[in-house]
Amino acid sequence: MEQEYFILNIRRQNDPHSSSYWEEFHIPYKPNMNVISSLMYIQKHPVNAEGKRVNPVVFECNCYEEVCGACTMVINGRPRQACSALIDKFIDKEGIEKPIIIEPLSKFPTVRDLMVDRKKLFDGLKKAKTWIPVDGSFALGRGPRYDEKKRAYSYLLSRCMTCGCCAEACPNFNEKSDFIGPHVFPQVQRLNINPLGEMQKDERLKAIMAHGGIQGCGNAQNCAKVCPMHIPILKSLAELNFDVNIYALKKIIKW
Amino acid sequence: MEKKQKKQQNYLHSDFYIRRIHSLLGIIPIGIFLCFHLFMNSSAIIGVEAWAAVIDGMRSIPFVIVAEIGIIAIPFIFHIVYGLYIVYFSKMNMKYQYYRNWMFILQRITAIITTIFVIEHVVFVRIMTASTMDVMTAMAHVVQTPLGFVLELIGVWASVFHFSNGIFTFLITWGILQGERLQKLFSILTMLLCAGMFLWTLIILIRIAMMPI
């Protein structure tokens, strides 16, 4: 290998209100690096490709094993976790000369550099009431038994880490529309099939029929393609479509 | 105060119903009308007389204007107006090279093409014509020029694609296609339907272009 370093091309932004700019960094190659360790190298040696000392790149990370979603960013045009984005794979595929392009998630307000405020995701979950209200002043006893098939399906849905990849890729989740985002629906379905959560099923269905709800889905199906956890988003969406239609029909005939 | 809030909430709920009506209208009556319309005009494949007879027959239905406004015009206007609102609120992203993402983009592009085409078609072939002969010449004279033929074909194919892909999204919206494999199957079936309708409409247009009018 002639070139001993690889290139990171990072879209940076100094504060929430300023405009973004691109900056290149050369990172000495070592085997088994990932984007996070490259960004950590920049923190230690905050020198850009022109040899100028700059502010280190701000980013978030936590678990380093693709389960927390904190380090989600757009890498070479695709939303994914920086910790599971392996440098060796990029080099094998495109060669060491080709810069790796790193951007913050575009659908959320940027705080600084690669750090974004993903509050919108949690607002969506809150709007859809994705919880089971069991708090009370006395013990309610054991809950109902969980059907094994439902439990297995529920497990697949529960792996969501609210990283925002699906929302980033969704064409209908943007600053113009009030769509709450694709990540909400697997969680609604997970609680709707839970034997305890089933009791508030109608409340959740009503919540996702409100403004910005499930009707905002445009069937582009990018969400399922980019989901790092391979959550059956489409299945839960289609099932909920059926459920909300039945619920709406019931409401109409009982009007 | 509470009442006002509730009223606002009710208003916000209408969103869902409007979108569902939009989806339903795309198939009933607009999709059905499209198929009916193509079957009617397939008589052009047989010849000028057969085509004239069918158009005559349609024109002689009593109170046809009521059906035209009630079953065709109003649903069309609703579907177009709300549809353009949906197109406006999506942020198409061509950087994701996934099949369904392309379908999503094409659905919106064909929506705009179809809107322009339908308005043109209604104005020149329905509103500005007084007799059966007018209808036939209005169509034939456009299709008999090369540019007119291409533009007409783009308009017809855009409508047909929008309809075929619309069936797929309709079935998802109404919760009928739930399984992954079923979705894949219908994705193929609707595109086969689209290919078939492409061929069908092409033959109709070629036959009209060849007519001695």
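These figures come from a predicted structure and were not determined experimentally. Every chain is numbered from 1, with letters handed out A, B, ... down the list of sequences.
- Chosen from A:Cys217, A:Gly77, A:Ser236, the residue pairing most often with chain B at heavy-atom distances under 4.5 Å is A:Gly77.
- Contacts of B:Tyr99 with chain A are absent, with no heavy-atom separation under 4.5 Å from either backbone or side chain.
- By the neighbour-count criterion of 12 heavy atoms within 6.0 Å, atom OH of A:Tyr21 is densely surrounded, having more than that number from other residues, nucleotides or ligands.
- Side-chain atoms of A:Ile208 and B:Phe16, non-hydrogen and from C-beta on, never get closer than 4.5 Å to each other.
- B:Gln178 and A:Ala238 get closest at one heavy-atom pair: CA-CB, 3.7 Å.
- Shown here for B:Phe89 and A:Lys176, the closest heavy-atom pair between the two residues is CE2-O, 2.8 Å.
- Listed here is the closest heavy atom pair of A:Phe242 and B:Gly175: CD1-O, 3.5 Å.
- Here the closest non-hydrogen pair linking B:Ser90 and A:Asn172 is CB-OD1, 3.0 Å.
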*Check the pair A:Leu234 / B:Glu180 against side chain to side chain contact (heavy atoms under 4.5 Å, CB included), numbers first and verdict last.*
CA-CA 8 Å; A:Leu234 301 179; B:Glu180 206 178 306; 5.7 Å; no
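- Using a 4.5 Å heavy-atom threshold, the side chains of A:Met209 and B:Tyr17 count as touching.
- Distance alone, capped at 3.5 Å, places no donor-acceptor pair between the B:Asp15 side chain and the A:Gly216 backbone.
- Between the side chain of B:Arg100 and the main chain of A:Gln221, no donor-acceptor pair closer than 3.5 Å is present.
- In the model, B:Arg20 has a side-chain atom that pairs as donor or acceptor with a side-chain atom of A:Asn245 under 3.5 Å.
- With a 6.0 Å radius and a threshold of 12 heavy atoms from other residues, nucleotides or ligands, A:Lys107 has its NZ atom above the threshold.
- Here the side chain of A:Lys225 pairs no donor or acceptor atom with the backbone of B:Tyr98 at under 3.5 angstrom.
- Chain A forms more heavy-atom pairs under 4.5 Å with one residue of B:His22, B:Lys95, B:Met92 than with any other, namely B:Lys95.
- Looking at B:Gln107, there are no atoms closer than 4.5 Å to chain A (heavy atoms on both sides), in backbone or side chain.
- Counting non-hydrogen atoms of other residues, nucleotides and ligands closer than 6.0 Å to CZ of B:Phe124 gives a total of 12 or fewer.
- Among A:Arg78, A:Glu239, A:Glu175, A:Lys235, the residue making the largest number of heavy-atom pairs under 4.5 Å with chain B is A:Glu239.
- Of all the heavy atoms in A:Asn219 and B:Ile172, the pair that sits closest is OD1-CG2, 3.3 Å.
- With contacts defined as side-chain heavy-atom distances shorter than 4.5 Å, the pair A:Asn241/B:Trp174 does not qualify.
- At a threshold of 4.5 Å between non-hydrogen side-chain atoms, the residues A:Glu168 and B:Asn93 do not count as touching.
- Neither the backbone nor the side chain of A:Ile246 comes within less than 4.5 Å of any heavy atom in chain B.
- Per-residue counts of heavy-atom pairs under 4.5 Å with chain B were compared for A:Ala169, A:Gly213, A:Cys170; the largest is that of A:Ala169.
- When the shell of 6.0 Å around OH of A:Tyr146 is examined, it contains more than 12 heavy atoms from other residues, nucleotides or ligands.
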